[in-house]
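See structure below.
Keep in mind it's a predicted model, so treat the numbers as computed, not measured.
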Amino acid sequence: MLLSKVRADWHKLSAEQQSHIGTVISNKFQLFVSQAQAKLALQRLGLLLAAVASLSGPQACATFAGQCVGMLSGGEGVQHHMSECALSMLTALAEEVNNMDRGRRRDLVSATSSQWGDIAGLARGFIPEQMAAGYYGLVHGALLCLQGWLRMSADASSSCRMSPGQLAASHPTLLSCLFSLLGATAAEAVTAERIEGLACEILCDVLGPGTYGEDSQQERTAVDAAVAALLSLRDVALTPGPAGAGVARCVASIASALAQRDTSLVCGGAAAAATANGTSSSNGGAAPAASLNVLPLAELLLHCVSRPERAVCEAAVEYFVCANTLPLEQRHPQMGGPLYASLLGPLLGWHSCYSSSFVSWNEELDEDEEAFYRFRDQSLTDLLETVFLMTGPAYLQQLQERIAAAAAWQQAEGALFCLKAVADMLRGQVASPSHPHAQQNSELLRALFEDLCSPSGRSAAFLSNPYTCATAAALVGAYAPWFESTPAAPLEGALRLLLHALCFEHSWHAAARAFKVLCMRCAARLCSAPVVQSLAAVAASAIAPAPLAGQVASYVAMPLEDRQAIVEGLARVVTFLGPQDVNDSALNIQQPHLARTQSIISHGSSTAAQGGAAAKQLLQHLADELQLMAVLIKGMEFPGQPPPAFVHPAMKLLEAAWPVLSAVADAPVCRQDRPVLEAVCEVHKRALQAARGSAKPLLPTLLTAVGELFTATQQPACLDVLSTISEVFGEVKNAPELAAAQKQSFEGAVAAASAVLMQRSAASQSLSASGDLLRSLLAVADAHLVFARELFVTSSVLPQEQLTGESGRQWLLAALQSQQLPGMSAGLLKPADCEAFAKLALRQPPLSRGRFDALLMDFAAIPRGEGSSDALLAYEL
């Protein structure tokens with residue numbers, strides 16, 4: 001708490017107060033510094049001293065850093081203990097400086113430049129000495145300190161204060177000291193791993209794309225030395241077991257950092273290609289020495305990727321991705337196709353697969369689910385795309401061979417994932433006739449999908465596993481555009497696969513999403529009534545199983561989002577059917593949901609009336625079925641104009657559902673459940689939006705039903721239906737009775753909503769507690785103002801006198817200064833602000849639409865506490 005207080009309020013203290021507090025903290029530190037057992041107290045006081053020093057200016061910061069460096073004398077006993085304190089305080093000081101703003105940071109970095117030289121110089125000898133003596137805690141502390149001070153760059157834009165060349169020139173053995181810690185042993189494996197990991201992080205900071213020196217030869221020499229150091233770790237990195245894996249990961253991470261820094265130097269440039277061709281470089285001289293290590297480094301990285309550990313492969317990804325950013329003519333011949341072809345084996349063989357012992361994530365102990373999927377979906381996918389780009393058809397041929405030789409589901413699933421990873425790139429190549437591999441890739445892709453979608457295919461043998469099924473479903477979804485553009489693609493087999501995947505919980509989401517996308521894209525090829533009937537029947541068994549006679553429909557565990565996706569896909573196909581089939585097919589899809597809804601109403605009322613968790617689940621079950629019907633109706637939008645005398649399918653669906661909807665709306669227990677009522681209103685809204693003009697005959701009945709429902713329940717969703725009516729039909733003309741009903745419904749809803757809000761206000765309920773109702777009330781008013789303006793201005797919602805001139809100003813002022821508004825009641829909105837706004841809003845000539853909208857936003861910010869009245873002054877100009 002004191003540390004946070006110092007950071008936040010130090011600048012508020014006088015110089016005398018700052019000096020006094022600093023002295024008190026320093027005295028406390030001196031009191032504990034000789035007590036080795038007071039480690040925690042010293043640590044806390046050290047953090048305070050570092051914060052005080054950084055906030056007290058450059059001179060104080062430099063003095064404090066110099067004192068800490070003076071404590072780093074090594075030795076045992078008290079001196080060893082003091083070294084720990086000094087390292088901790090120097091690290092804390094670096095963190096404080098790094099968190100400063102740009103100006104103060106620059107001054108502090110400049111003031112402590114001599115101390116940085118001392119720290120770097122000490123580290124070269126201090127770290128090896130403490131490592132040899134077994135003081136691993138001191139080594140770890142020294143590395144943390146070194147990392148913090150290296151990151152203290154004056155410009156705050158780079159991750160390191162010195163480039164590799166600059167660091168090698170000023171502190172020649174520091175980098176080699178850090179490389180020596182890779183693979184170092186300690187009494188405890190965890191300690192060795194921490195030291196190794198920290199040394200690797202520092203080397204990546206220095207050798208990565210951070211700071212660049214002006215002396216190119218100096219930088220090249222330093223990078224060359226770093227590559228040579230990596231190559232010297234080859235034997236250790238290839239050693240089986242955890243120790244070798246740790247070094248291999250470090251080697252891969254540092255090589256990736258170097259590749260990001262200077263791709264042409266590390267991965268081969270013109271000099272490497274010239275050397276391979278037996279010619280000199282373009283300047284007539286010999287190829288630089290750095291390029292001689294290009295192939296050995298690439299070979300080492302290949303060996304690292306060939307290890308089974310995922311972390312090693314993940315660390316190496318950036319190296320291979322960066323290498324492929326160089327034009328082929330600037331690379332050694334082996335750094336092109338041959339390099340990436342060599343990656344196919346390990347990537348397809350094990351890095352893309354679940355472990356051989358994997359059963360489910362509930363039983364998996366050695367693998368982290370999130371880390372596994374993050375690696376596959378991000379790092380591995382990036383690398384696979386690069387490999388495919390360089391290998392072309394050979395990539396797909398390898399996948400065919402892997403699937404054919406698969407002995408377990410993990411291998412087949414891994415191959416399917418690798419095909420999915422390159423979907424965007426492969427689809428682009430196949431769709432481009434001018435691409436050199438278009439024809440061959442197209443044939444290979446069709447063969448892979450025919451195998452997958454055929455019951456007798458090799459891939460199909462592994463679809464009984466839910467994880468393989470999920471990946472296969474995602475694969476089909478990724479290639480949906482290819483199915484759309486390729487008449488020979490096995491579309492029916494793909495749909496059969498997706499419907500099979502709905503049997504497994506793990507593959508629900510992937511299968512539902514793919515089913516929707518495939519139906520959306522290929523609806524024109526599926527527009528046959530028997531096909532739709534078959535698809536609907538199989539889908540219904542998964543998303544809407546029929547209830548048993550005399551019982552409530554069983555709960556469907558599949559998430560509503562996935563069930564909606566399947567219904568959306570079916571609805572899309574239905575809209576492509578002929579007029580003679582579309583209504584029957586739509587009703588056929590809706591029927592299972594109607595049956596389930598009816599079973600809940602008929603046989604679940606007693607359970608719902610009892611309350612509790614069972615009732616809540618049952619009502620949510622009911623709301624879900626209604627939402628699915630709303631999704632189906634929403635999908636009944638046709639590409640063109642329906643034929644004359646054609647009954648719109650949305651109206652057919654609503655007509656079939658009307659008895660059920662009425663029963664739900666009339667049930668007392670349903671009227672008390674918001675999700676159920678929102679679902680009922682959603683069905684009405686979607687029917688209006690889909691049918692549009694065809695829904696006009698329904699308006700009198702619908703206006704009456706919605707009005708009565710709102711009066712009884714005060715549910716905001718009812719007002720949303722009235723907003724939709726206004727948006728779809730605007731002002732009803734040439735039908736006086738219907739126009740009168742629309743106006744009466746609007747006025748009644750606004751009056752009822754206003755009365756509810758006033759009652760709640762009188763009962764001391766805050767306006768924010770009725771936020772949804774207020775939002776819907778304003779939305780219905782806005783919809784009528786925009787789409788049915790005459791109805792709005794002639795209704796009883798507005799005062800009947802003309803709201804212009806002084807009368808308009810007075811009415812507006814009265815509305816703005818109502819104590820019911822939170823901003824006014826909280827004192828944030830002043831009468832002068834309301835006067836200024838009313839004057840500007842009613843000025844003549846009026847503000848332009850853009851400036852008026854901006855005025856509304858600036859004025860609305862005042863009662864929210866986000867703006868001030870000064871913002872209104874600009875509109876007086």
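- A heavy-atom distance below 4.5 Å is found between the side chains of Val556 and Pro545.
- Once rounded to the nearest 0.5 Å, the distance linking CG of Leu677 with SG of Cys718 reads 6.5 Å.
- With sequence neighbours left out, Glu385 forms a side chain to side chain donor-acceptor pair (under 3.5 Å) with no residue at all.
- Annotation: side chain of Val706 is in contact with side chain of Leu722 (closest heavy-atom distance under 4.5 Å).
- Using a 4.5 Å cut-off on side-chain heavy atoms (C-beta onward), Gln440 and Gln397 make contact.
- A salt bridge (charged side-chain N to carboxylate O under 4.0 Å, His left out) check over residues 714-725, counting only residues at least two apart or in different chains, returns the pairs Asp720-Arg775.
- We find that Arg671 and Asp666 are joined by a salt bridge, their nearest charged nitrogen and carboxylate oxygen being less than 4.0 Å apart.
- Across all their heavy atoms, Ser356 and Gln410 have their closest contact at O-NE2, 3.1 Å.
- Every residue two or more places apart in sequence or in another chain that forms a side chain to side chain donor-acceptor pair (under 3.5 Å) with Ser454 is listed here: Ser456.
- A search for side-chain contact (heavy atoms from CB on, under 4.5 Å) contacts involving Val517 returns Ala480, Arg521, not counting sequence neighbours.
- Counting heavy atoms from C-beta outward, Glu568 and Met520 have side chains that approach closer than 4.5 Å.
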**OP:** For the pair Tyr340 and Phe388, evaluate ring-ring contact (aromatic ring centres under 6.0 Å, His included) and give the outcome as yes or no after the intermediate values.
**Re:** CA-CA 8 Å; Tyr340 292 92; Phe388 172 69; over 10 Å; no

Original post:
Can you check side chain to side chain donor-acceptor pair (under 3.5 Å) on Glu443 and Gln439, steps first, answer last?
Top reply: CA-CA 6 Å; Glu443 293 173 358; Gln439 182 63 32; 2.9 Å; yes

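- Not a single donor-acceptor pair under 3.5 Å links the side chain of Ser534 to the backbone N or O of Pro530.
- Take Arg376 and apply the salt bridge (Lys or Arg N to Asp or Glu O under 4.0 Å) test, not counting sequence neighbours, and it matches Glu413.
- Applying the ring pair (Phe, Tyr, Trp, His ring centres under 6.0 Å) test to every pair with at least one member in residues 507-533, sequence neighbours left out, gives no pairs at all.
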Subject >> Stepwise side chain to side chain contact (heavy atoms under 4.5 Å, CB included) test for Leu773 and Leu719 >> reply: CA-CA 9 Å; Leu773 180 58; Leu719 298 182; 4.1 Å; yes

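- Counting only heavy atoms from C-beta outward, the side chains of Leu448 and Ile403 approach each other to under 4.5 Å.
- Of the residues Ile633, Asp584, Asn583, the one that meets the side-chain contact (heavy atoms from CB on, under 4.5 Å) test with Lys652 is Asn583.
- Residues Leu426 and Asn441 form a side-chain contact, since some pair of their non-hydrogen atoms from C-beta on lies under 4.5 Å apart.
- Within a 6.0 Å sphere centred on CD of Glu561, other residues, nucleotides and ligands contribute 12 heavy atoms or fewer.
- Counting only heavy atoms from C-beta outward, the side chains of His351 and Val305 approach each other to under 4.5 Å.
- Defined by atom type and a distance below 3.5 Å, a donor-acceptor pair is missing between the side-chain atoms of Tyr354 and Trp361.
- Legend: residues meeting salt bridge (Lys or Arg N to Asp or Glu O under 4.0 Å) with Arg427, ordered by chain and number and at least two apart, are Asp424.
- Annotation: Lys685, atom NZ; neighbour count of heavy atoms from other residues, nucleotides and ligands within 6.0 Å is above 12.
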Subject >> Step-by-step side chain to side chain contact (heavy atoms under 4.5 Å, CB included) determination, Ile566 to Lys516 >> reply: CA-CA 6 Å; Ile566 295 170; Lys516 173 185 172 180; over 6 Å; no

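- Ring centers of Tyr467 and Phe358: under 6.0 Å apart, within the cut-off.
- Listed by first and then second residue, the salt bridge (charged side-chain N to carboxylate O under 4.0 Å, His left out) pairs that reach into residues 586-608 are Arg596-Glu625, sequence neighbours excluded.
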**OP:** Could you please spell out the steps behind the side chain to side chain contact (heavy atoms under 4.5 Å, CB included) verdict for Val676 and Val669?
**Re:** CA-CA 10 Å; Val676 170; Val669 68; over 6 Å; no

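- Annotation: Arg402, atom CZ; neighbour count of heavy atoms from other residues, nucleotides and ligands within 6.0 Å is above 12.
- Applying the 6.0 Å contact sphere to CD of Glu370 captures no more than 12 heavy atoms from other residues, nucleotides or ligands.
- Between the side chain of Thr471 and the main chain of Leu416, no donor-acceptor pair closer than 3.5 Å is present.
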Using a 3.5 Å cut-off and no angle test, enumerate the donor-acceptor pairs between side-chain atoms of residues 489-507 and protein atoms at least two apart in sequence or in another chain.
{"residue": "His500", "atom": "NE2", "partner": "Leu463", "partner atom": "O", "Å": "3.1"}
{"residue": "Ser507", "atom": "OG", "partner": "Ala501", "partner atom": "O", "Å": "2.5"}
{"residue": "Ser507", "atom": "OG", "partner": "Phe504", "partner atom": "O", "Å": "3.2"}

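- Applying the ring pair (Phe, Tyr, Trp, His ring centres under 6.0 Å) rule to Phe417 yields no partners; only residues at least two apart in sequence or on another chain are considered.
- The ring pair (Phe, Tyr, Trp, His ring centres under 6.0 Å) analysis of residues 517-542, with sequence neighbours excluded, yields no pairs.
- Side-chain atoms of Gln620 and Asp624 include a donor-acceptor pair closer than 3.5 Å.
- Legend: residues meeting ring pair (Phe, Tyr, Trp, His ring centres under 6.0 Å) with Phe375, ordered by chain and number and at least two apart, are absent.
- Using a 4.5 Å heavy-atom threshold, the side chains of Val422 and Tyr395 count as touching.
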